[in-house]
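Remarks on the structure that follows.
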Amino acid sequence: MMESQQEPKVTIPPLIPLEYSNRVMLKTILECGDDQIGLFGKTVVVGGWVKSSKEVKREPVAAALKPPTAAEAFPPSPGRKELSCVEVVQSRIPFFKKIIRVFGVSSDSYPGVREKFEPVPKPPPPPPSKFFLQISDGSSISSLMVVIDSAVVPVSAGHVLPTGTCILAQGVLEKSSSHGKQTIELKVEKILHIGTVEPDTYPLSRKRLPLDSLRDYPHIRPRTTTVASITRIRDTLDFAAHTFFHNHGFLHVQVPIITTIDSEGFSEKFQVTTSKKWGLGSGSDADVRHETVKAEQHIEARDKSKLGTGVKPEVKEDFFGRQSYLSVSGRLHLESYACALGNVYSFGPRFRAEKTGSIKQVAEMWVVEVEIAFSQLEDSMKCAEDCFKFLCKWILDHCPHDMKFVTKRIDKTIVHRLEYMMSISYERISYREAVDILRKVTDKTFETKLRWGVPLTAEHLSYLADDHYKRPVIIYDYPKAVKPFYVRLNDDGKTVAAFDMVVPKMGTVITGSQSEERLDMLSARMKEFDLSRDQYEWYQDLRKHGAVKHSGFRLGFDLMVLLMTGLTDVRDVVPFPRTHGKANN
């Protein structure tokens with residue numbers, strides 16, 4: 001007896017509306033793979049913005065005015081005699097009446113037609129159209145085909161639904177009638193909302209604007225496929241960073257954005273002041289009573305700070321009562337919590353007022369900063385490497401569709417590079433070893449003359465990671481003159497316990513160090529940097545009361561997004577980039 005063959009069971013993926021907007025995300029429809037067949041016949045509400053549109057007009061139905069043929073009007077029947085010409089003309093009178101109505105001629109003008117006709121009707125409505133819309137709600141790389149039949153769902157005159165139109169509609173999911181890549185479409189039954197657009201001024205009416213042009217429209221560019229994909233990768237990377245540290249027992253601590261200290265000593269800073277002496281108003285503007293906070297560029301090197309105008313504000317009258325800045329780094333504040341809670345990290349914006357043309361730096365950049373109690377430099381280097389590999393793997397595992405798009409449109413080798421960096425060990429060399437390697441290079445001339453004791457330039461670092469080792473490189477034990485004052489001095493008295501992680505095609509992504517826990521050493525370093533003891537008194541207290549060895553690092557989050565997407569300019573991965581001379585919104 002033959003066994004009966006059972007048809008394969010169709011899996012129906014759940015279509016759960018979003019709790020706060022009562023619509024179904026397009027991602028749940030478009031990314032369910034072979035299970036899409038189980039969605040056919042489901043009624044859903046979707047919303048999004050039109051990526052492309054096409055209107056197909058139907059031909060007007062003229063059959064109503066077409067006179068029937070003699071065979072249609074008088075089908076032959078057995079034994080029926082032929083009709084006379086008069087009888088044929090009389091049979092056509094209804095048709096003639098229709099012609100007269102169409103041309104708006106009164107029947108009274110024709111004596112052969114005695115009937116009184118109704119008033120001339122209004123011109124017939126335009127023929128119905130079908131709108132084929134590709135819409136996206138930002139949840140997926142793919143777009144959903146939405147089909148609107150104006151004969152079923154009236155579309156107001158003038159709603160031509162061009163690119164950029166916002167639409168919220170209810171309809172039934174059906175098998176796609178087109179022969180494209182999509183297998184599913186929405187046949188609209190009801191339109192719940194239409195947000196019109198001005199095609200002449202809408203920046204995305206033109207197809208495929210280059211990224212540098214999109215920077216002029218940071219409020220509109222998230223609607224492009226590329227920027228939307230970057231944003232989803234950025235969001236996933238954000239979640240991955242928190243996941244890594246939570247999985248390893250770290251606590252998330254928020255450190256201040258406004259600070260009174262200079263934690264780096266090498267960066268130009270933004271000063272925060274409410275003083276009107278800084279040009280916050282003149283004439284009628286000077287009478288404004290509420291306090292206004294202004295970030296004024298403050299250039300400070302290792303020498304004693306001097307304000308750009310040469311005029312110091314009245315500190316006592318200022319909001320904070322002392323000179324304050326936008327934070328360049330939060331690691332010093334993070335140390336105070338590490339010395340109480342163990343392992344901590346912070347995630348937030350940091351600010352540098354450097355008028356640089358670098359494509360890898362903007363004035364406001366987001367960073368992850370980490371501090372580990374009871375640890376030394378080696379521990380931070382291991383944690384940094386593990387974190388970096390974790391982030392690479394997380395993106396590949398959780399962003400397959402976006403990474404496929406990035407591979408196709410931006411960098412064909414990006415997935416291979418991330419997989420390679422996940423699976424290998426990273427090279428670790430000292431600063432002295434790096435200098436020795438670079439001095440032996442004969443097939444390349446560096447713009448900056450190399451000697452021991454000076455910072456390694458981006459050109460030097462690129463050669464080490466891209467050409468010499470062809471893998472990420474961790475360089476440690478830098479000369480003390482090129483690192484901040486708080487980095488622990490090594491036994492040789494010349495170098496400090498600091499490291500940089502350099503990644504091929506990107507450069508330095510992570511910088512870290514072991515902090516100086518010895519009060520006398522810290523005080524000596526502060527004196528070398530001509531720092532105020534009063535200003536850093538709280539920081540010195542951590543060495544007086546229960547000092548502990550601790551280390552940490554700083555990961556450039558925006559640079560990680562740049563690395564994951566294969567792009568080269570950080571302005572394309574920061575939602576609202578702030579650069580010198582440009583902060584429009």
## Note on the structure
The reported gap from CD in Gln170 to CZ in Arg23 (rounded to nearest 0.5 angstrom) is 15.0 Å

### Message
Please determine whether a side-chain nitrogen of the Lys or Arg among Arg352 and Glu268 lies less than 4.0 Å from a carboxylate oxygen of the Asp or Glu.
### Response
no

## Note on the structure
Between Asp558 and Met365, the two heavy atoms sitting closest are OD2-CA, 3.2 Å

### Query
Hey, are Glu378 and Gln514 close enough side-chain-wise for a donor-acceptor pair under 3.5 Å?
no

#### Entry: Minimum heavy-atom distance Lys389-Ser425, with the two atoms named
NZ-CA, 4.2 Å

### Message
For Asp477 and Val496: C-alpha separation, side-chain torsions, deciding distance, then whether side-chain contact (heavy atoms from CB on, under 4.5 Å) applies.
### Response
CA-CA 5 Å; Asp477 286 353; Val496 290; over 6 Å; no

### Message
So does Ala458 get a backbone contact from the side chain of Ser462, meaning a donor-acceptor N/O pair under 3.5 Å?
### Response
no

### Query
Can you list the steps and then say if Leu542 with Ser336 is a side-chain contact (heavy atoms from CB on, under 4.5 Å)?
CA-CA 7 Å; Leu542 298 176; Ser336 62; 4.1 Å; yes

### Message
My understanding is that only residues two or more places apart in sequence, or in another chain, count here; which of them pass salt bridge (charged side-chain N to carboxylate O under 4.0 Å, His left out) with Asp238?
### Response
none

### Query
So how far is it from Asp235 CG to Asp402 CG, rounded to the nearest 0.5 Å?
10.5 Å

### Query
His416 side chain to Ile414 main-chain N or O, any donor-acceptor pair under 3.5 Å?
no

### Query
In this structure, are over 12 heavy atoms from other groups packed under 6.0 Å from Asn22 atom CG?
no

### Summary
Hits for side-chain hydrogen bond (donor to acceptor under 3.5 Å, both in side chains) against Glu459, two or more places apart or cross-chain, chain-then-number order -> none

### Query
Which atom pair, heavy atoms only, marks the closest approach of Ile372 to Ser380?
CD1-OG, 4.2 Å

### Message
Holding to side-chain hydrogen bond (donor to acceptor under 3.5 Å, both in side chains), I want the full list of residues that pass it with Lys51, two or more places apart in sequence or in another chain.
### Response
Thr225

### Query
Taking atom types as modelled, is there a side-chain donor on Ser513 or Arg331 under 3.5 Å from an acceptor on the other?
yes

### Message
Centre-to-centre under 6.0 Å for Tyr431 and Tyr476, is that the case here?
### Response
no

### Task
State which residues pass ring-ring contact (aromatic ring centres under 6.0 Å, His included) with Phe245; sequence neighbours excluded, sorted by chain then number.
Phe250, Tyr345

### Task
Locate the shortest heavy-atom distance separating Val368 from Ala241; write the atom from each residue and the value.
CG2-CB, 4.5 Å

### Task
Sort and list the pairs that fulfil salt bridge (charged side-chain N to carboxylate O under 4.0 Å, His left out) and have at least one residue in residues 212-231, not counting sequence neighbours.
Arg215-Asp569, Arg215-Asp572, Asp216-Lys582

### Task
Verify salt bridge (Lys or Arg N to Asp or Glu O under 4.0 Å) between Asp386 and Lys382, making sure each step is shown before the conclusion.
CA-CA 6 Å; Asp386 290 345; Lys382 184 178 187 306; 2.9 Å; yes

### Query
Without hydrogens or angle criteria, can the side chains of Asp500 and Thr511 be said to hold a donor-acceptor pair below 3.5 Å?
no

#### Entry: Residue pairs fulfilling salt bridge (charged side-chain N to carboxylate O under 4.0 Å, His left out) with at least one residue in residues 339-351, sequence neighbours excluded
Arg350-Glu369

### Query
What heavy-atom pair brings Leu15 and Leu173 nearest, and what distance separates the two atoms?
CD1-CD1, 3.9 Å

### Query
Which heavy atom of Val487 sits nearest a heavy atom of Ala497, and at what distance?
CG1-O, 3.5 Å

### Message
Quick check for you: to the nearest 0.5 Å, what is the distance between His460 atom NE2 and Leu464 atom CG?
### Response
9.0 Å

### Message
Is the distance from the ring center of Phe485 to that of Tyr536 below 6.0 Å?
### Response
yes

### Message
With a 4.0 Å cut-off on N to O distance, would you call Glu174 and Lys42 a salt bridge?
### Response
no

### Task
Quick one: do Leu186 and Leu144 satisfy side-chain contact (heavy atoms from CB on, under 4.5 Å)? Show the steps, please.
CA-CA 8 Å; Leu186 181 78; Leu144 177 67; 4.1 Å; yes

### For Phe499, ring-ring contact (aromatic ring centres under 6.0 Å, His included) partners two or more places apart
none

### Message
For Phe40, is the CZ atom crowded, meaning more than 12 foreign heavy atoms sit under 6.0 Å from it?
### Response
yes

### Task
Calculate, to the nearest 0.5 Å, the distance between atoms CG and NE2 belonging to Asn343 and His550 respectively.
12.0 Å

### Task
Check for a donor-acceptor pair, side chain of Arg234 on one end and backbone N or O of Pro575 on the other, with a separation under 3.5 Å.
no

### Donor-acceptor contact below 3.5 Å, side chain Asp137 vs main chain Met25
no

### Query
Would you say the side chain of Leu133 lies within less than 4.5 Å of the side chain of Ile148, judging by non-hydrogen atoms?
yes

### Task
Show your reasoning for whether ring pair (Phe, Tyr, Trp, His ring centres under 6.0 Å) applies to His252 and Phe347.
CA-CA 8 Å; His252 184 202; Phe347 189 9; 7.3 Å; no

### Intermediate values then yes/no, salt bridge (Lys or Arg N to Asp or Glu O under 4.0 Å), Arg488 and Glu517
CA-CA 7 Å; Arg488 194 179 198 277; Glu517 84 284 1; 3.0 Å; yes

### Query
Who are the salt bridge (charged side-chain N to carboxylate O under 4.0 Å, His left out) partners of Glu427, not counting sequence neighbours?
none

### Query
Between Tyr486 and Tyr539, what is the ring plane arrangement, given parallel below 30°, perpendicular above 60°, and tilted in between?
perpendicular

### Message
If we count only N and O atoms by modelled type, under 3.5 Å, do the side chains of His246 and Thr243 hold a donor and an acceptor together?
### Response
no

### Query
According to the side-chain hydrogen bond (donor to acceptor under 3.5 Å, both in side chains) rule, which pairs have a member within residues 358-367, sequence neighbours left out?
Glu354-Gln361

### Task
Would you indicate whether the side-chain heavy atoms of His333 and Ser346 approach each other to under 4.5 Å?
no

### Query
Between Tyr325 and Gln323, do the side chains contain an N or O donor and an N or O acceptor separated by less than 3.5 Å?
yes

### Message
Test of understanding: with ring-ring contact (aromatic ring centres under 6.0 Å, His included), list the residues that count as partners of Phe390, not counting sequence neighbours.
### Response
Phe244, Trp394

### Ser375: partners by side-chain hydrogen bond (donor to acceptor under 3.5 Å, both in side chains), with sequence neighbours left out
Ser551

## Note on the structure
Residue set satisfying salt bridge (charged side-chain N to carboxylate O under 4.0 Å, His left out) with Lys393, at least two apart, ordered chain then number -> Asp397

### Query
Does NE2 belonging to His242 count more than 12 external heavy atoms closer than 6.0 Å?
yes

### Task
Report yes or no: do Glu335 and Ser515 form a side-chain donor-acceptor pair below 3.5 Å?
yes

### Task
Show your reasoning for whether side chain to side chain donor-acceptor pair (under 3.5 Å) applies to Arg232 and Ser140.
CA-CA 9 Å; Arg232 287 188 294 269; Ser140 173; over 6 Å; no

### Query
More than 12 heavy atoms of other residues, nucleotides or ligands under 6.0 Å from CZ of Phe374: is that the case?
no

